[in-house]
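Here is the structure we will look at, set down as structure tokens.
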Amino acid sequence: MINITLPDNSVKQFEEGVSALDVAKSISEGLARNVVAAKINDEVWDATRPIDGDCSIKLLTWNDPEGKATVWHSSAHLMAEAIEALYPGAKFGIGPDIESGFYYDVDLGDRIISEADFKKIEDKMKELAKKKQTFERVDVTKDEALKFFTEKGDEYKLELIKDLEDGSITFYKSGEFTDLCRGPHIPNTGILKAIKILSVAGAYWRGDETRKQLTRVYGITFPKKKELDEYLELLEEAKKRDHRKLGKELELFTFSQRVGQGLPLWLPKGAALRERLETFLKKVQKKAGYEQVICPHIGNVDLYKTSGHYQKYGEDSFRPITTPVEGEEYFLKPMNCPHHCEIYKHKPRSYKDLPVRFAEFGTVYRYEQSGELHGLTRVRSFTQDDAHIFCTPDQIKDEFKGVIDIIMHIFKALNFSEFITQISLRDPNKPEKYIGSDENWEKAESAIKEVAQERGLEAIIEYGEAAFYGPKMDFMVKDALGRKWQLGTIQVDYNLPERFDLNYIGADNEKHRPVMIHRAPFGSMERFVAVLIEHCGGNFPLWLTPEQAIILPISEKYQNYAEKVLNLLDNYDIRAQIDNRSEKTGRKIRDAELKKIPYMIIVGEQEEAEGTVSIRRHGKGDLGKYKIEDFAHLINEEIKELLGK
RNA sequence: GCCGUUGUAGCUCAGGGGUAGAGCACUUCCUUGGUAAGGAAGAGGUCACGAGUUCAAAUCUCGUCAACGGCUCCA
């Protein structure tokens with residue numbers, strides 16, 4: 001008999017060789033039907049695999065992340081089986097589960113899979129799933145494994161097996177399909193009720209561009225059709241919110257082939273919106289003791305040799321600009337820090353001056369591979385809401401606090417209520433990878449952890465994710481569709497102060513090395529605006545939106561009154577326009593709704609007589625009549641609430 | 001950068017070896033109206049760019065550029 005500890009810490013006795021599925025059955029049949037895998041001593045196992053000793057157990061269902069992963073991994077096998085049946089002789093690379101679904105890399109010879117074939121594969125998968133095929137785990141020796149795939153003629157699997165240790169190799173058999181696989185898998189394919197092939201793309205074998213390109217087939221499965229439908233709806237919704245689509249429709253930005261790829265052109269409405277974001281942050285930063293600086297867009301090659309960026313990225317940058325007579329070399333600036341270091345250096349600094357905080361909306365240029373460019377999220381020219389704080393090691397903690405407060409303020413003003421904080425620290429096993437003294441690292445790392453706690457942030461700590469020059473804290477927001485986006489970042493840097501030989505005179509009258517902190521709450525204006533567009537679906541917060549209100553006169557007779565209203569609103573700093581086309585009100589409302597203007601102000605005979613306005617809220621409908629001043633207050637109160645003042 | 005797909009009016013898209021189509025947007029006229037599309041007329045395109053094949057190319061072929069979906073990369 002063996003002892004199995006359940007999640008509630010109760011211990012039950014079972015025969016040796018019992019499976020997690022048996023354990024589930026002993027609790028309830030209903031539970032057993034939903035079990036897809038089990039965590040045995042923190043390792044995910046097949047629910048059907050015999051347990052041969054004392055252990056703790058957690059039964060996993062579709063609702064556990066590991067359960068989903070297992071379901072999708074098994075789905076990948078099912079898809080491979082379907083593809084093998086439909087395309088005999090297909091060879092298989094790897095087929096893992098991913099964040100949403102799974103894929104399998106397939107070599108089909110000269111056959112191709114296109115969207116038109118998806119249905120065929122889905123149908124085959126459904127047919128196979130209905131058979132409730134089990135997944136049979138088989139231990140094999142390396143020789144057996146090699147023999148099997150040599151006979152099958154699958155060189156990809158052979159290559160994978162060659163890297164594996166004998167004794168650790170397992171096959172999984174389900175139906176007609178046998179795969180090299182570590183597992184675990186679901187008890188049988190019956191749970192896979194809703195199946196969708198999503199897309200197909202090329203992918204290099206083992207991510208190596210010198211190797212053969214395989215066909216990567218993406219799919220997703222769910223235990224219930226309803227869940228699949230919801231997922232497909234989410235994809236549709238994401239498409240509707242795509243910032244590239246909305247950016248065009250709302251006239252925020254555009255691109256021109258003639259200007260060049262990855263170089264965004266901000267249209268008047270987009271530029272105004274971005275300016276409001278900048279003004280907002282500038283105000284906050286001024287209060288927090290930042291000073292604005294301005295730097296040129298190019299820098300001498302020596303600047304980047306000093307910073308070390310030339311050695312590291314010189315080849316992957318835009319080619320240098322050379323002066324015609326002297327032959328000097330300049331680079332488009334790929335970051336602002338080296339310039340800011342020189343600003344720090346322009347005069348001797350005392351410990352009494354620290355911290356100094358230089359802020360700049362600095363436009364930088366980076367050569368990104370052409371296939372990488374994507375809307376505003378990946379561009380070749382972008383503006384960082386950058387600032388560099390030069391401080392003593394003891395001041396790191398307070399400075400982090402200050403930056404976190406700014407970031408939280410921004411998230412609130414822009415309705416990002418869900419976010420993830422990540423702290424990246426050294427890999428304790430590889431201290432040689434990092435520059436800077438142990439003592440300083442220790443100090444900075446514990447400061448960051450303490451600050452996170454004091455500010456009530458539930459931070460994920462990642463060891464080994466720090467940059468070689470210092471630890472950092474990143475913020476990822478979750479948008480309205482639950483997608484995660486990396487935005488703000490705070491990074492400690494011991495490297496540049498060293499390279500630029502920055503110093504300050506301490507109380508002891510000796511020179512000391514300051515610490516540098518890079519920080520960008522938005523990240524970049526381009527990326528941030530893109531994320532914001534997708535987060536709010538183009539319905540920007542009232543303080544930010546291009547047009548806050550539009551006045552819709554019922555007919556031309558009320559044009560004068562409309563202008564009077566406009567003037568009054570202008571006095572309250574409310575951005576509004578008049579739609580004076582000779583269209584019916586219904587039409588004007590429809591157009592204003594489509595333009596996502598938050599407030600529609602209808603004025604006609606009644607309003608003019610009473611000195612009021614009729615208000616309609618975007619997406620909500622008629623709000624009734626207001627006095628103009630009351631309406632202005634309504635708007636300004638709404639804004640105040642967001643900006644928290 | 002690599003593989004695949006795509007490129008026709010400001011936008012969304014149809015068509016396709018014999019000189020260009022729709023809806024919306026735009027302009028003008030009529031209409032002066034009460035909470036998601038009033039009517040009529042008009043204007044608008046080297047069919048991404050460059051070569052080639054052909055009596056004839058927007059259409060076929062090749063190349064270039066760009067966008068899209070992935071891969072690799074991201075100070």
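So that the names make sense, note that chain A is the first sequence line, chain B the second, and so on, each numbered from 1.
Comparing the P positions of B:A37 and B:A67 gives an interatomic distance of 38 Å, to the nearest angstrom. B:G34 and B:A48: their P atoms are spaced 46 Å apart (whole Å). When the P atom is compared between B:U61 and B:G7, the two are found 13 Å apart, to the nearest whole Å. Rounded to a whole angstrom, the distance from the P atom of B:G15 to that of B:G21 is 15 Å. B:C65 and B:U28: their P atoms are spaced 43 Å apart (whole Å). Rounded to a whole angstrom, the distance from the C1' atom of B:G44 to that of B:U8 is 14 Å. Taking the P atoms as reference points, B:U12 lies 26 Å from B:G4, given to the whole Å.
Relative to the ring axis of A:Tyr365, A:Arg380 does not place its NZ or CZ within 45° and under 6.0 Å from the centre. Cation-pi geometry between A:Lys305 and A:Tyr310 is met: the NZ or CZ atom falls under 6.0 Å from the ring centre, inside 45° of the normal. Taking the ring axis of A:Trp266 as reference, the NZ or CZ atom of A:Arg274 stays within 45° of it and closer than 6.0 Å to the ring centre.
Residue A:Lys588 places no side-chain N or O under 4.0 Å from the OP1 or OP2 atom of B:G33. The side chain of A:Lys557 places an N or O atom within less than 4.0 Å of a non-bridging phosphate oxygen (OP1 or OP2) of B:G33. Residue A:His374 places at least one side-chain N or O closer than 4.0 Å to OP1 or OP2 of B:G69. In terms of phosphate contacts, A:Arg244 brings a side-chain nitrogen or oxygen within less than 4.0 Å of OP1 or OP2 of B:C68. Between B:G33 and A:Thr585, no contact under 4.0 Å exists linking OP1 or OP2 to a side-chain N or O. Taking side-chain N and O atoms only, A:Tyr103 has no distance below 4.0 Å to OP1 or OP2 of B:G69.
Residue A:Gln261 is in sugar-phosphate contact alone, with no base atom involved, counting any heavy-atom pair closer than 4.0 Å across all strands shown. Residue-level contact check: A:Ser614 touches the bases, meaning some heavy atom is under 4.0 Å from a base atom. A:Tyr218 comes within 4.0 angstrom of the backbone, heavy atoms only, and of no base. Backbone-only engagement by A:Arg216 is indicated by non-hydrogen atom pairs under 4.0 Å involving sugar-phosphate atoms exclusively. Using a 4.0 Å heavy-atom distance criterion, A:Ser199 is classed as making no nucleic acid contact. A:Gly371 comes within 4.0 angstrom of a base, heavy atoms only.
Atoms OH (A:Tyr365) and P (B:A75) sit 20 Å apart, rounded to a whole Å. Rounded to an integer number of Å, the gap from NZ of A:Lys584 to P of B:G38 is 7 Å. Atom CG in A:Leu108 sits roughly 14 Å away from atom C1' in B:G4 (whole-Å rounding). At whole-Å resolution of the value, CZ in A:Arg527 and P in B:C74 are 15 Å apart. The distance from atom CD of A:Gln213 to atom P of B:G1 is 15 Å, rounded to the nearest whole Å. Going from atom OH of A:Tyr313 over to atom P of B:C74 covers 7 Å, rounded to whole Å.
Between A:Arg357 and A:Glu399 there is a salt bridge, since a side-chain N of the basic residue sits under 4.0 Å from a carboxylate O of the acidic one.
Remark: aromatic rings of A:Phe92 and A:Tyr104 are close, center separation under 6.0 Å. Residues A:Tyr103 and A:Tyr218 bring their aromatic ring centres within 6.0 Å. For A:Phe522 and A:Phe528, the distance between ring centers is under 6.0 angstrom.
Across all strands shown, B:C2 pairs with B:G70; the Watson-Crick or G-U wobble distances both stay below 3.5 Å. Across all strands shown, B:U27 forms a Watson-Crick or G-U wobble pair, both distances under 3.5 Å, with B:A41. For B:U61, the paired base is B:A51 (Watson-Crick or G-U wobble, both distances below 3.5 Å). For B:A22, the paired base is B:U12 (Watson-Crick or G-U wobble, both distances below 3.5 Å). The pairing partner recorded for B:U35 is none, the criterion being a Watson-Crick or G-U wobble arrangement whose two distances lie under 3.5 angstrom. Nucleotide B:A56: unpaired (no Watson-Crick or G-U wobble partner with both distances less than 3.5 Å).
Nearest approach of A:Ile197 to A:Glu122, heavy atoms of both residues: N-OE2, 2.9 Å.
In this model, a donor atom of one side chain and an acceptor atom of the other lie less than 3.5 Å apart for A:Asp479 and A:Trp485. Residues A:Lys472 and A:Gln422 bring no donor and acceptor atom of their side chains to less than 3.5 Å of each other.
Looking at residues 599-610 of chain A, you'll see A:Ile602, A:Gly604, A:Glu605, A:Gln606, A:Glu607 sit with a heavy atom under 4.0 Å from some atom of RNA chain B.
Taking the nucleotide of RNA chain B with the nearest heavy atom to each of A:Lys312 and A:Gly621, the more 5' of the two is matched to A:Gly621. Ranked by how close their nearest RNA chain B nucleotide is to the 5' end, A:Ser555 and A:Asp316 are led by A:Ser555.
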